[in-house]
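Note: hydrogens, waters and symmetry copies are ignored here, and every other heavy atom, side chains too, is used. Counting starts at 1 for both ligands and their atoms, following the listed order. No experiment lies behind these values; they were computed from the predicted model shown.
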Amino acid sequence: MSDRYLDFVNSSLGQMLAKNLGLPAPLPLDRFVAGEPVVKGAVLLGAASGSDLTTTIAQVLANIQADTYANFDSAVHGAAAAAGLATQAYAPSAEDSQKFKALVFDASGITSSEQLIALHSFFSPVIRKISSSARIIVIGRTPELLDNAKHATAQRALEGFTRAIGKEAKKGSTAQVIYVAPGADAGLESSLRFFISPKSAYVSGQVVRVSNTGIAGETPDWTKPLAGKVALVTGASRGIGEAIAQTLARDGAHVICLDVPQQEADLNKVAGEIGGSVLALDITSAEAPGRIAAHVKNAHGGLDIIVHNAGVTRDKTLANMKDQLWNMVININLSSEERINDELLAQDAIRANGRVICVSSISGIAGNMGQTNYAVSKAGVIGLVNSSVATLLPKGITINAVAPGFIETQMTAAIPFAIREAGRRMNSMSQGGLPVDVAETIAWYASPASNAVNNNIVRVCGQSLIGA
Ligand code: NAD
């Protein structure tokens with residue numbers, strides 16, 4: 001549904017009123033447009049002294065042909081040259097009109113709390129020089145994998161920096177920290193590409209871990225990374241599921257669109273538009289896991305990606321909630337996913353370098369009034385991700401989840417007006433996200449180059465204050 005306030009506040013009258021009355025002033029966010037560069041504007045690359053990820057980062061920036069600058073006295077120029085990236089020298093103190101679309105900082109060399117001043121030294125002089133929908137990305141080492149306590153403490157501290165700057169930066173900007181496990185440097189590219197691009201428009205304040213999964217990576221054609229892959233999306237007839245199906249198909253996948261038989265007309269339409277196929281069934285039915293496994297094996301010889309998107313809300317305060325409503329929500333949102341995963345694994349129906357991708361919710365992280373059943377189901381989805389790693393990884397399969405915040409769909413259109421407006425505005429973007437924002441995050445997980453992205457729960461919530 002449309003956000004009329006966002007349209008109004010970007011008119012000249014709306015801009016004046018919002019300024020004078022101190023109202024939230026959301027800006028339209030940059031979103032991915034096929035054929036445009038990964039990052040549309042200058043990138044400033046910095047590094048704390050002793051950092052060892054700079055060449056890897058520079059290699060990615062070279063691959064995406066980023067217009068890259070580094071402070072004139074920075075050691076970054078040498079590391080960049082080693083990666084074949086030409087960098088321009090920049091004086092941060094200059095009173096110029098230079099604008100940066102992205103600030104990328106290699107913080108891996110910060111080994112003590114005293115050295116955290118490097119964050120201030122790099123970001124403070126240039127934070128006013130970011131353009132709208134800018135990207136702030138800090139890259140460090142996974143704290144819990146570091147032997148040295150002071151090093152681990154300093155790396156953990158990066159999270160506070162990105163979460164705070166995400167709230168300060170405004171203008172539709174995002175901020176994240178990406179932790180790279182020692183030895184997992186080669187796995188950074190898919191994540192850096194996603195977080196520096198407009199595809200991550202509504203993802204902010206997140207902590208992402210790139211880890212040593214032992215799964216061999218694939219270097220895809222980045223314009224069609226899912227070419228040759230088969231994906232199944234549940235709840236694909238509308239809303240977020242429809243956007244996921246469209247986005248995975250855009251990236252080259254054959255998408256099997258699944259929804260309940262009552263939605264078959266809409267499902268046929270979605271599948272028809274993207275050259276996908278249809279599987280009309282209720283995921284809670286006893287035969288669903290078997291039918292799904294048989295279908296993917298018989299029609300496609302196996303599956304590369306499954307996206308568990310189908311989900312429902314049935315809100316009531318606990319005192320008023322009948323057990324049928326409780327059971328229905330848990331069954332659709334959680335138990336059916338467990339049964340389907342178990343069957344697909346038992347039948348060896350997911351291929352190596354496969355992806356299981358779940359849809360949780362910030363309600364599952366923070367809880368929500370009137371949503372005990374839903375919050376239980378969506379927290380359970382996070383549990384499902386965490387607890388499935390041990391079974392899936394030996395088979396070369398990753399599992400991750402998105403946790404959407406307020407996304408403009410039929411589900412959120414049904415929320416009473418005042419609560420809806422609060423949900424929409426109480427985030428760093430002062431607006432709701434679009435289904436495509438969730439879909440792009442899922443497409444990042446789905447990429448065959450995301451073999452090192454495992455066991456992550458990334459919120460797509462514009463850095464919502466709920467559960468922050
Ligand atoms: P939606 O109601 O528009 O779409 C959900 C789809 O799932 C529908 O097409 C429905 O028919 C299908 N579905 C429901 N039960 C099913 C079953 N038993 N078998 C097969 N299909 C079934 O909802 P949406 O807003 O697009 O939400 C998609 C997912 O995102 C859900 O898991 C939801 O919980 C989650 N989510 C949404 C938001 C939001 O703001 N919209 C926020 C957080 C999480």
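- In terms of protein heavy-atom proximity, atom 3 (O) of ligand 1 is closest to Arg238 NE, 2.9 Å.
- Here the protein heavy atom with the shortest distance to atom 35 (C) of ligand 1 is Val359 CG1, 3.6 Å.
- Between Arg250 and Glu440 a salt bridge is recorded (basic side-chain N to carboxylate O distance below 4.0 Å).
- Taken to the nearest 0.5 Å, the CZ atom of Arg355 stands 12.0 Å off from the CG atom of Leu248.
- Counting protein heavy atoms only, atom 31 (C) of ligand 1 is closest to Asn309 O, 3.2 Å.
- A distance-only check finds a donor-acceptor pair linking the side chain of Asn400 to the backbone of Asn455 [under 3.5 Å].
- Enclosure of atom NZ in Lys316 is not indicated, since only 12 or fewer non-hydrogen atoms of other residues, nucleotides or ligands lie within 6.0 angstrom.
- Ligand 1 lies nowhere less than 4.0 angstrom from a heavy atom belonging to Asn333.
- Neither the backbone nor the side chain of Gln262 comes within contact range of ligand 1; no heavy atom lies under 4.0 Å.
- Close approach of ligand 1 to Leu281 (heavy-atom distance below 4.0 Å) involves ligand atoms 19 (N), 20 (C).
- A distance-only check finds no donor-acceptor pair linking the side chain of Ser204 to the backbone of Gly462 [under 3.5 Å].
- In this structure a side-chain-to-backbone donor-acceptor pair under 3.5 Å is missing from Asp304 to Ala231.
- If you look at Ile283 next to ligand 1, the close heavy atoms, those under 4.0 Å, come from the backbone and the side chain alike.
- The protein heavy atom nearest to atom 10 (C) of ligand 1 is Asp259 OD1, 3.4 Å.
- Protein heavy atom nearest atom 18 (N) of ligand 1, with residue, atom name and distance: Asp282 OD1, 2.8 Å.
- Note that Lys129 lies outside the cation-pi zone of Phe100, set by a 6.0 Å cut-off to the ring centre and a 45° limit from the axis.
- Protein heavy atom in closest approach to atom 5 (C) of ligand 1: Gly311 O, 3.7 Å.
- Interface of Ile407 with ligand 1, defined as ligand atoms under 4.0 Å from a residue heavy atom, comprises 39 (C), 40 (O), 41 (N).
- Residue contacts with ligand 1 for Val260 involve both N, CA, C or O and side-chain atoms from C-beta outward (heavy atoms, distance under 4.0 Å).
- Ionic pairing of Arg31 and Asp437 is present here: one or more N-O contacts between side-chain nitrogen and carboxylate oxygen are shorter than 4.0 angstrom.
- Considering each of Val402, Val312, Thr284, Thr409, the one bringing a non-hydrogen atom nearest atom 14 (C) of ligand 1 is Val312.
- Each of the following atoms of ligand 1 lies closer than 4.0 Å to a heavy atom of Ala310: 7 (O), 13 (N), 21 (N), 22 (C), 32 (O).
- Note that CD1 of Ile165 and CD1 of Ile130 are 7.5 Å apart. Values are rounded to the nearest 0.5 Å.
- Ligand-side atoms of ligand 1 in range of Gly239: 26 (O), range being under 4.0 angstrom from any heavy atom.
- Contacts with ligand 1 closer than 4.0 Å are made by backbone heavy atoms (N, CA, C, O) of Ser360 only, the side chain lying farther away.
- Shown here are the side-chain hydrogen bond (donor to acceptor under 3.5 Å, both in side chains) partners of Asn373, two or more places apart in sequence or in another chain: there are none.
- Residues meeting the side-chain hydrogen bond (donor to acceptor under 3.5 Å, both in side chains) test with Glu343, sequence neighbours left out: Gln347.
- If you number the atoms of ligand 1 from 1 as listed, the ones under 4.0 Å from a heavy atom of Gln263 come out as 11 (O).
- With hydrogens and angles disregarded, a donor-acceptor distance shorter than 3.5 Å links the side chain of Gln176 to the backbone of Gln206.
- In this structure, the side chain of Glu159 does not engage the main chain of Val177 through any donor-acceptor pair within 3.5 Å.
- Distances from atom 43 (C) of ligand 1 to the heavy atoms of Pro404, Pro435, Cys461 show the closest one on Pro404.
- Numbered from 1 in the order shown, with element, the atoms of ligand 1 that lie under 4.0 Å from a heavy atom of Ser361 read 43 (C), 44 (C).
- Within the listing of ligand 1, atoms 9 (O) sit less than 4.0 angstrom from a heavy atom of Ser237.
- Gly432 does not count as a contact of ligand 1, since none of its heavy atoms falls under 4.0 Å from the ligand.
- With a 4.0 Å heavy-atom cut-off, ligand 1 is reached by the backbone of Ile240 and by its side chain too.
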